[in-house]
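Okay, structure first, notes after.
Just so it is clear, the model here is predicted, and its values are computed rather than measured. Below, read A as the first sequence line, B as the second, and so on, with proteins coming before strands; counting in each chain starts at 1.
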Amino acid sequence: MLQQTPVVRVLPIWREWLDRWPTPADLAAASPAEVVRAWGRLGYPRRALRLHAAATEIAENHGNRVPEDHAELLDLPGIGSYTAAAVAVFAFGQHYTVVDTNIRRVHARLFSGKALPSKSLTAAETRLADQLMPEGREDSVKWNQSVMELGALVCTARAPKCDDCPVFDQCAWIAAGRPEPDYVPKGQSWHGTDRQVRGAMMAVLRHSPAPIPVDLLLTDRAGAEQLAARMERPEQETTDMLEKLWSLPAPPEQRERAFQGLVRDGLASRQGDEASLPG
DNA sequence: TATTCGTGGCA
DNA sequence: TTGCCAAGAAT
């Protein structure tokens, strides 16, 4: 849940999930549709499916206990290098190097003298993180957590609070005179993209208690008016979501592509002329 | 290595 | 208001 998502937004959903599905087997017993609905608006709904798939593997192949072994964690769906290390360290107290976006930024500034870490995780960054981490097992837990917190609360991406920084005097970026980033991070586009259309379609599918005619999902506002004449009107809340979807400035081929993407990712299923969340 | 994939708060 | 960006993973 925390992958690319702020902690404060995750907390309430996380509590709901643990309350509803206390063990991996409980989550595995739920349907993908239930899981995606419970995911709500956390974003990147594929993560919900992968978490469900991971729970299924854990229930079936790991005795319903989250594996402590780093390699076994890494084998689970949706678990990559960061999450495997984070679970091994923070849940089981093991000695692994955690490299998340906060830690990368702290290292870039404090030790490399750069404003931002490189675009994608490099071998050099991993090497640096490994070298910096203390050898002791308990110290490694404190270290990973501390550097992460420093990045999240003080050494932030925008407007870092250098006045409050405990290692201000040792910072290579400060010493270098706070140089600008050596590249321009290109922001994630949104308006007019497939993700925007996918998001609007997912909102419809999450809200609809019944399967939705695919035509309603793929049309624009003009087409919707024509369809309304020969189609039963969905309930109000679903209609509100459909209105948002129809109002997007997306050509028919983009809507089709977005829907097919959802089907391919297992987030939507199509039966005949109707679409719904996957059973 | 570079892209793709949601959502919402905040500057 | 617009753009940035957040405990990344898969391909």
Side-chain angles (χ1 to χ4, degrees), chain A residues 1-14 36-37 39-54 73-91 96-108 115-126 129 141 143-161 180-181 183-206 241 244-245 248 254 257-268:
Chain A
M1 287 176 170
L2 288 166
Q3 292 165 2
Q4 289 283 281
T5 305
V7 179
V8 288
R9 194 176 305 160
V10 164
L11 275 176
I13 306 291
W14 173 73
V36 170
R37 282 207 175 87
W39 192 257
R41 307 178 68 80
L42 263 190
Y44 294 144
R46 292 189 293 196
R47 295 181 298 167
L49 295 180
R50 294 191 180 127
L51 190 46
H52 182 252
L73 285 167
L74 208 47
D75 274 343
L76 295 171
I79 306 298
S81 59
Y82 158 75
T83 307
V87 170
V89 171
F90 300 137
Y96 283 93
T97 311
V98 178
V99 186
D100 80 323
T101 188
N102 294 299
I103 290 177
R104 294 183 63 207
R105 187 174 54 252
V106 170
H107 289 171
L116 294 175
S118 52
K119 294 178 216 179
S120 54
L121 182 62
T122 64
E125 283 182 86
T126 302
V141 177
W143 173 259
N144 282 311
Q145 211 150 43
S146 302
V147 179
M148 200 180 296
E149 287 295 295
L150 182 63
L153 301 177
V154 178
C155 195
T156 52
R158 287 177 298 186
K161 303 171 179 63
E180 294 294 311
Y183 66 94
V184 181
K186 73 170 187 186
Q188 309 167 338
S189 55
W190 174 248
H191 291 286
T193 62
D194 287 8
R195 341 161 74 145
Q196 187 184 27
V197 180
R198 286 171 56 114
M201 286 179 177
M202 287 301 297
V204 172
L205 294 176
R206 282 198 310 267
M241 296 299 115
K244 293 182 181 177
L245 174 60
L248 295 179
Q254 184 179 32
R257 185 173 65 241
F259 177 66
Q260 287 308 324
L262 291 177
V263 172
R264 169 175 42 76
D265 291 345
L267 288 164

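- Using a 4.0 Å cutoff on non-hydrogen atoms, the parts of residues 144-157 of chain A near DNA chain C are M148(A), A157(A), ordered by number.
- Rounded to the nearest Å, the gap between the P atom of dA7(C) and that of dA11(B) is 15 Å.
- For the pair R105(A) (side chain) and G151(A) (backbone), a donor-acceptor distance under 3.5 Å is present.
- Atom name P, nucleotides dT3(B) and dC4(C): the rounded distance is 16 Å, in whole Å.
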Atom pairs under 3.5 Å, N or O on each side, protein against nucleotides 9-11 of chain C: can you list them with distances?
| unit_1 | atom_1 | unit_2 | atom_2 | d |
| --- | --- | --- | --- | --- |
| dA9(C) | OP1 | G80(A) | N | 2.9 |
| dA9(C) | OP1 | T83(A) | N | 3.0 |
| dA9(C) | OP1 | T83(A) | OG1 | 2.7 |
| dA9(C) | OP2 | Y82(A) | N | 3.3 |
| dA10(C) | OP1 | G78(A) | N | 2.7 |

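- Side chain of R37(A) to main chain of R206(A): a donor-acceptor pair is present (N/O by atom type, distance under 3.5 Å, no hydrogens or angles).
- Residue contacts shown for R9(A) include a base, since a base heavy atom lies under 4.0 Å away.
- With a cutoff of under 4.0 Å to any heavy atom of chain A, the contacted region of DNA chain B is bounded 5' to 3' by dT3(B) to dG9(B).
- Between R105(A) atom CZ and dC5(C) atom P the separation is 9 Å, expressed in whole Å.
- Among the atoms of the strands shown, base atoms are found under 4.0 Å from some heavy atom of Q188(A).
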Take H107(A) and E125(A), measure what side-chain contact (heavy atoms from CB on, under 4.5 Å) needs, and give me the verdict at the end.
CA-CA 8 Å; H107(A) 289 171; E125(A) 283 182 86; over 6 Å; no
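- Atom P of dG6(B) sits at a distance of 14 Å from the matching atom of dT11(C), rounded to the whole Å.
- Within the structure, the side-chain hydrogen bond (donor to acceptor under 3.5 Å, both in side chains) test picks out the following pairs touching residues 73-89 of chain A (sequence neighbours left out): Q3(A)-T83(A).
- Summary of the strand contacts: L267(A) and A159(A) both lie near DNA chain B, and taking for each the nucleotide with the nearest heavy atom, the more 5' one is attributed to L267(A).
- Under the side chain to side chain contact (heavy atoms under 4.5 Å, CB included) criterion, W14(A) pairs with M1(A), V10(A), L11(A), L18(A), sequence neighbours left out.
- At the heavy-atom level, R206(A) lies under 4.0 Å from the strands shown only through sugar-phosphate atoms.
- Counting non-hydrogen atoms under 4.0 angstrom, L42(A) reaches a base of the nucleic acid.
- The side-chain heavy atoms of M148(A) and Q145(A), taken from C-beta on, include no pair separated by under 4.5 Å.
- Here T101(A) reaches the OP1 or OP2 of dA6(C): one of its side-chain N or O atoms lies under 4.0 Å away.
- Taking atom OH on Y44(A) and atom C1' on dA7(C), their separation rounds to 14 Å, with Å as the unit.
- Residue pairs meeting the salt bridge (charged side-chain N to carboxylate O under 4.0 Å, His left out) criterion with at least one partner in residues 183-199 of chain A, sequence neighbours excluded, are D194(A)-R257(A), R198(A)-D265(A).
- At whole-Å resolution of the value, CD1 in I103(A) and P in dA6(C) are 13 Å apart.
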